[in-house]
Amino acid sequence: MKMEKLLKLSSIYDILQKVKDGERLRYDDGVRLFKSNDILRIGHLANIVRERKNGNRAYYIINRHINYSNICKNRCRFCAFSRDKGESGSYAMEMEEILDKAIIAAEEGATEIHIVGGLHPELPFDFYVKMLSEIHERCPGLHIQAFTAVEIEHLSQIARLSVRQTLKELKEAGLGSLPGGGAEVFSPYIREQLCPEKLSGDGWLQVMREAHNLGLRSNATMLYGHIETPEDITNHLIKLRELQDETGGFMSFIPLAFHPKNTELSNRSGTTAMLDLKVISISRLMLDNFNHIKAFWIMLGIKLSQVSLNFGVDDIDGTVREEKITHAAGAETPESLTVQEIIKLIEEAGREPVERDTLYNKAKRDKEEIILQKA
Ligand code: V47
Ligand code: SF4
């Protein structure tokens with residue numbers, strides 16, 4: 001049988017045709033894609049979109065994560081990282097420790113510092129402002145990507161300021177952009193089951209809207225592989241797409257694979273490769289107004305992240321150096337990759353490695369500068 005005829009037999013043929021014609025996919029298309037197991041065809045289409053937007057380039061960044069405290073008043077059921085204040089294993093870094101980590105990162109050639117933590121009930125707003133201004137002053141070359149939308153809303157409560165004013169003050173202190181965490185799945189039903197204390201999905205979107213309107217770019221995430229349905233995922237993607245149509249402020253979308261170990265959902269198994277690849281490729285197809293889909297290799301695993309470069313992904317994040325949220329939940333990946341390891345992964349996938357800065361500009365380095373990091 002001819003190839004064209006075979007394709008027409010596919011249950012998702014009409015969707016394949018829409019993507020090829022550059023037509024926007026609808027909610028029903030997304031749900032149908034999730035219910036199809038035609039992963040090679042879905043992946044092939046995601047790859048077409050990926051190459052339309054980013055050619056053969058695969059981005060990476062030299063960065064360092066700092067999880068400044070795990071003390072959190074929310075205690076989401078899927079989170080193994082958080083602790084109550086005073087509970088064994090709880091911690092809050094001193095300012096000097098945070099600064100030392102940032103300074104070391106800058107010395108090692110990082111262009112970005114990625115800072116997130118729990119919702120500490122007592123740290124004052126000044127602490128966060130000082131953290132930004134001191135890092136900004138002592139490491140002026142570092143872009144500070146800090147505080148999820150959920151943390152921003154928490155800070156606005158502590159500071160007794162509007163979200164807009166909170167963001168303004170943080171921006172003045174040196175905040176460069178917002179990471180995408182805290183989005184989870186927007187469905188109110190899922191949030192009620194998994195993170196009832198957390199800022200609502202609409203609240204998350206509103207903080208991002210305010211940030212984008214102030215000129216702060218951000219990422220977006222989605223936590224999948226727990227109790228969500230294909231309908232919840234598709235709805236999440238469409239809400240992100242709608243806000244992106246309005247503001248254009250999102251840089252990349254990062255699907256986060258749920259790790260169950262040490263969480264209240266530890267009786268569940270982790271995600272499968274099939275689900276991971278479906279979520280990645282369908283995200284690429286639905287989010288037609290996002291330039292970048294990022295595989296956070298720490299959560300996805302190194303090998304699947306490499307494969308994902310042919311399933312819609314154009315960015316595999318960075319060197320990271322230290323990561324506590326996924327490792328608390330049983331991640332078996334290392335906490336860091338060297339630049340050489342990242343480049344090898346990308347090249348073996350047949351892609352062209354491009355070191356980027358946070359805003360997806362090509363990183364500027366002296367020709368002779370070689371970033372040699374210890375694993
Ligand atoms: O918001 C919590 C998730 C997020 C678990 O913006 C879990 O570039 C898996 O958002 N299993 C924080 N995930 C991390 C995050 C992130 C990471 C890398 C890059 C970027 C970016 C953002 O981690 C939380 C939550 O959604 N999370 N617990 C868990 N057990
Ligand atoms: Fe706190 Fe974030 Fe963990 Fe939820 S996911 S308990 S908000 S640290």
Side-chain angles (χ1 to χ4, degrees), residues 59-61 63-85 87 90-92 112-121 143 145-154 176-186 190-191 194-199 201 204 208 211 217-226 228 236 250-266 268 270-271 276 290 292-301 305 315-320 322-331 333 356 358-360:
Y59 294 98
Y60 68 95
I61 186 163
N63 63 353
R64 182 178 187 129
H65 283 221
I66 301 179
N67 300 128
Y68 58 90
S69 171
N70 65 353
I71 297 170
C72 184
K73 65 185 182 71
N74 273 3
R75 304 309 307 269
C76 306
R77 292 186 63 212
F78 53 74
C79 178
F81 163 72
S82 61
R83 295 285 182 278
D84 288 335
K85 188 161 186 279
E87 189 183 341
S90 63
Y91 73 87
E112 172 190 275
I113 197 94
H114 179 112
I115 306 177
V116 292
L119 308 189
H120 197 293
H143 178 108
Q145 180 166 81
F147 312 136
T148 65
V150 175
E151 287 168 278
I152 296 289
E153 202 265 344
H154 172 67
S177 62
L178 266 56
E184 322 313 353
V185 175
F186 294 141
I190 301 279
R191 281 180 119 74
L194 296 187
C195 47
E197 307 298 330
K198 193 164 234 165
L199 176 68
W204 187 96
M208 287 306 186
R217 309 288 307 273
S218 79
N219 294 331
T221 59
M222 175 180 69
L223 182 70
Y224 68 93
H226 40 86
E228 83 288 352
H236 186 96
F250 289 118
M251 297 181 287
S252 72
F253 174 70
I254 310 123
L256 301 175
F258 174 54
H259 283 57
K261 210 168 163 188
N262 306 321
T263 73
E264 285 186 40
L265 305 174
S266 60
R268 303 186 77 87
T271 62
D276 291 332
F290 275 62
H292 305 285
I293 304 289
K294 176 155 91 177
F296 186 43
W297 61 263
I298 294 251
M299 284 199 197
L300 193 57
S305 297
D315 181 356
I316 55 171
D317 202 85
T319 43
V320 182
E322 192 175 289
E323 199 279 341
K324 297 189 187 301
I325 299 173
T326 330
H327 283 84
T333 43
R356 65 166 176 92
T358 308
L359 304 175
Y360 286 86

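First listed ligand is number 1; within each ligand, the first listed atom is number 1.
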Practice item. List the steps, then state whether side-chain hydrogen bond (donor to acceptor under 3.5 Å, both in side chains) holds for Arg217 with Ser177. Key: CA-CA 5 Å; Arg217 309 288 307 273; Ser177 62; over 6 Å; no
Measure the spacing between [atom1] of [X] and [atom2] of [Y] and express it to the nearest 0.5 Å.
X	Y	atom1	atom2	result
Ile316	Tyr60	CD1	OH	10.0 Å
Gln145	Ser218	CD	OG	8.5 Å
Ile115	Tyr68	CD1	OH	9.0 Å

Check your understanding: Only one of Glu112, Glu322, Glu323, His114 forms a side chain to side chain donor-acceptor pair (under 3.5 Å) with Arg64, so which one is it?
Key ->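 Of all the options given, the one that passes is Glu322.
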Review point. Can you name the side chain to side chain contact (heavy atoms under 4.5 Å, CB included) partners of Arg191, sequence neighbours left out?
Key: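 Arg191: side chain to side chain contact (heavy atoms under 4.5 Å, CB included) contacts with Glu184, Phe186, Cys195, Lys198.
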Check your understanding: Of Leu300, Ile61, Asn219, Thr221, which is the lone residue that meets side chain to side chain contact (heavy atoms under 4.5 Å, CB included) with Lys294?
Key ->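 Output: one option passes, namely Asn219.
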Exercise for review: Please name all residues satisfying ring-ring contact (aromatic ring centres under 6.0 Å, His included) with Phe250, sequence neighbours left out, ordered by chain then number.
Suggested key: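 Expected list: His212, Phe290.
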**Study point:** Count, waters excluded, of protein N, O or S atoms under 2.8 Å from atom 4 (Fe) of ligand 2
**Key:**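 My tally for this metal is 1.
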Exercise for review: Could you check whether the rings of Phe81 and Tyr91 sit parallel, tilted or perpendicular, using 30° and 60° as the cut-offs?
Suggested key: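 Ring orientation, 0 to 90° scale: perpendicular.
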For each nitrogen or oxygen atom of ligand 1, which protein N/O atoms lie closer than 3.5 Å, and how far apart are they, rounded to 0.1 Å?
residue	atom	partner	partner atom	Å
ligand 1	1 (O)	Gly182	N	2.7
ligand 1	1 (O)	Glu184	OE2	3.4
ligand 1	6 (O)	Gly180	N	2.8
ligand 1	6 (O)	Asn219	ND2	3.1
ligand 1	8 (O)	Asn219	ND2	3.0
ligand 1	8 (O)	Lys294	NZ	2.8
ligand 1	10 (O)	Gly181	N	3.3
ligand 1	11 (N)	His259	N	2.9
ligand 1	26 (O)	Glu184	OE1	2.4
ligand 1	26 (O)	Glu184	OE2	3.3
ligand 1	28 (N)	Phe78	O	3.4
ligand 1	30 (N)	Phe78	O	2.8
ligand 1	30 (N)	His259	O	2.9

